[in-house]
Amino acid sequence: MSTAPQSPVRIAPPLPTRRNAELALLCFATFITGVALLIVEANQEQGIRWTLLSYILAFLTLFVCAHLAVRRFAPYADPLLLPIVALLNGLGLVLIHRLDLLPGVSEGGPSAEQQMLWTLVGVVGFALVVIYLKDHRLLARYDYLCGAVGMVLLAIPALLPNSLSETNGAKIWIRLPGFSIQPAEFSKILLLIFFAGVLVAKRNLFTSAGQHFLGMDLPRPRDLAPLLAAWIISIGVMVFEKDLGTSLLLYASFLVMVYIATDRLSWVVIGLSLFAAGSVAAYYMFGHVRDRVQTWMDPFADPEGAGYQMVQSQFSFATGGVFGTGLGNGQPGTVPAASTDFIMAVVGEELGLVGLAGVLMLYTIVIVRGMRTAIAVRDSFGKLLAAGLASTLGIQLFIVVGGVTGLIPLTGLTTPWMSYGGSSLVANYLLLAILLRISHAARRPIHTSQHTPIAAAHTEVISRS
């Protein structure tokens, strides 16, 4: 007879169920990618080729290997993140392949085969991080090193000659013989690790209250140094590299992380005030900023020149309507940089508002699951880092879609996992791997054994026969 209630013990969730769910979703993502690819081929009257089957099998094999790495080394990780990213990556490959079929558009430029190779590199990097990053808290030991390396990577293109770094007016590349890299994509991850480490270590500095004004506790003037440093860095990127997207992304990500760490509205107000002041000053001081803003305000003022890209993008969305023209039936080649900066315009034209909303919903799920990971993980560094990674994805998506649809000025950022680009694709897979590692720590039960510990066992009266 029991004389005391049994203590609650946290039991590990069934791992086979999680494995099967992730694998089934990956197969479903591959199926959608394969069907979309066949629709493009049929509508372009290319015929069904056996090489397409090899591409689909290679895609499935690649992500099944990634799935095995996750389930072996991070078994409690969120099973939704990898399949959703695989589907986004697959849709991006389909749209880039669709652009390949246009005569003269992809000659010597981006191609689906090159993007598939970069996907291979990205997934390999993803697997290596999942395997060798045993605990995300190890990154906190190297926060200042990550910050220093991130700053160096961010500054290198500004110091190089234009022939080795400039594209379309922005100095964002490092070009070497047979190889090029966009270091800002990797710099953002390193700087997020640095921000998270500093905010955790110096939390008392950021939460110290100064004067009380309009219902807000303002920080002390001497405590504003980190925010001013982030502001100066973002202005420097905008001035010397003419990279509006990276400047806005880094500053907004840091501001979000400061607010999450302190829960002080005053930091947001001060940060937005600095952003507004910097934006107004940049508009009057720098011609490339002024040109972007004027083109955004009235792209039809110069529809054959500076506003051509924006005008064609708006025509694409108008042509797509609610349900789109269908994969392979649009005219995405009329939009410059359709496979990189403006791939969302291709989605809007060929898949319509419904397809665009579906793609945005996939991104929303990834961002929400990242935020849930931040809430669930137990350590402060993991909370801030997961929130920063998820927030960065959300901010980047807003900047990209806002620019393509005319909500905000164009910035030149790419859509994560969908746009063509090796640096962007690889960096975002590394970001996903870190997020999955934090998710594993957040979802891992305290007690994984199904046997009740002796200390928690209930008392029983045993009668002697």
Side-chain angles (χ1 to χ4, degrees), residues 18-19 21-23 25-30 33 57-93 114-139 146 150 153 181-190 192-193 362-363 365-367 369-370 373 377 382 385-386 388-390 392-393 396-397 414-444:
R18 189 177 291 109
R19 290 195 200 97
E22 186 175 81
L23 184 59
L25 288 172
L26 282 172
C27 292
F28 184 62
T30 305
T33 301
L57 290 177
F59 184 85
L60 178 61
T61 303
L62 183 61
F63 281 99
V64 166
C65 292
H67 158 75
L68 294 175
V70 170
R71 292 303 135 202
R72 171 64 178 84
F73 295 96
Y76 296 101
D78 194 327
L80 287 181
L81 293 178
L82 182 61
I84 292 175
V85 168
L87 179 56
L88 291 170
N89 195 170
L91 290 176
L93 285 167
Q114 294 173 341
Q115 183 75 342
M116 191 65 193
L117 290 176
W118 282 119
T119 300
L120 173 62
V121 176
V123 172
V124 169
F126 165 87
L128 291 177
V129 172
V130 169
I131 293 171
Y132 291 104
L133 182 62
K134 303 297 183 182
D135 191 337
H136 65 274
R137 290 172 295 183
L138 295 174
L139 297 174
C146 289
L153 288 176
I181 185 175
Q182 191 173 346
E185 294 290 343
F186 302 95
S187 177
K188 71 179 181 183
I189 300 176
L190 296 172
L192 286 175
I193 296 172
L362 293 175
Y363 280 108
I365 295 173
V366 173
I367 295 166
R369 302 293 285 199
T373 295
V377 74
L385 184 56
L389 295 173
T392 298
L393 287 175
Q396 183 168 348
L397 186 65
T414 56
T415 309
W417 298 297
M418 287 190 68
S419 295
Y420 176 84
S423 300
S424 174
L425 193 60
V426 174
N428 284 308
Y429 269 112
L430 298 180
L431 183 152
L432 176 66
I434 297 173
L435 192 57
L436 275 174
R437 258 298 168 194
I438 302 174
S439 172
H440 168 72
R443 298 162 66 92
R444 182 177 54 204

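Heavy atoms only: backbone and side chains are in, while hydrogens, waters and symmetry mates are out.
A pairwise comparison of heavy atoms in L91 and T33 identifies N-OG1, 4.4 Å as the closest pair. Contact record, C146 with I193: SG-CG2, 4.0 Å, taken as the closest heavy-atom pair. In terms of heavy atoms, L93 sits closest to Q115 at CD2-CG, 3.4 Å. Here the closest heavy-atom approach between residue A66 and residue F126 is recorded as CB-CE2, 4.0 Å. When every heavy atom of S187 is checked against every heavy atom of L153, the shortest pair comes out as CB-CB, 4.3 Å. The two residues L436 and D78 come nearest to each other via the heavy atoms CD2-O, 3.6 Å.
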Exercise. Which is it for N428 and V85 under the side chain to side chain contact (heavy atoms under 4.5 Å, CB included) test, yes or no, and what are the steps along the way?
Worked result: CA-CA 10 Å; N428 284 308; V85 168; over 6 Å; no
For this session: Let me see the working for T414 and Y420 under side chain to side chain contact (heavy atoms under 4.5 Å, CB included), right down to the final yes or no.
Result: CA-CA 8 Å; T414 56; Y420 176 84; over 6 Å; no
For this session: In sequence, state the C-alpha distance, the side-chain angles, and the governing distance for L120 and L62, and then conclude on side chain to side chain contact (heavy atoms under 4.5 Å, CB included).
Result: CA-CA 7 Å; L120 173 62; L62 183 61; 3.5 Å; yes
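Taking the side chain as every heavy atom from C-beta outward, T373 and L389 never approach each other to under 4.5 Å. Between D135 and R437, every side-chain heavy-atom pair lies at or beyond the 4.5 Å cut-off. Here the side chains of T30 and V64 are not in contact, with every heavy-atom distance at 4.5 Å or above. Annotation: side chain of H136 is in contact with side chain of V377 (closest heavy-atom distance under 4.5 Å). L432 is listed as a side-chain neighbour of Y429, based on a closest heavy-atom distance under 4.5 Å. Using a 4.5 Å heavy-atom cutoff, the side chains of H440 and F73 are not in contact. Using a 4.5 Å heavy-atom cutoff, the side chains of R71 and P79 are in contact. Between L139 and I434 there is a side-chain heavy-atom pair separated by less than 4.5 Å.
In this structure, the separation between CG on L80 and CD on E22 is 9.0 Å, given to the nearest 0.5 Å. Atom CG in L425 sits 5.5 Å away from atom CG in N89 (nearest 0.5 Å). Note that NZ of K188 is 6.5 Å distant from CG of L431, once rounded to the nearest 0.5 Å. Interatomic distance, OG1 of T119 versus CZ of F63, reported as 6.5 Å (0.5 Å rounding). Note that CD1 of I84 and CG of L25 are 8.0 Å apart. Values are rounded to the nearest 0.5 Å. L26 contributes atom CG, which lies 7.0 Å from atom NE2 of H67 (distance to the nearest 0.5 angstrom).
Judged purely by atom type and a 3.5 angstrom limit, R444 has no side-chain atom pairing as donor or acceptor with the backbone of Y76. A donor-acceptor distance shorter than 3.5 angstrom exists from the side chain of S423 to the backbone of Q182, with no hydrogens or angles considered. No donor-acceptor pair closer than 3.5 Å links the side chain of R443 to the backbone N or O of P75.
Ring geometry for W417 versus Y363: interplanar angle under 30°, hence parallel rather than tilted (30 to 60°).
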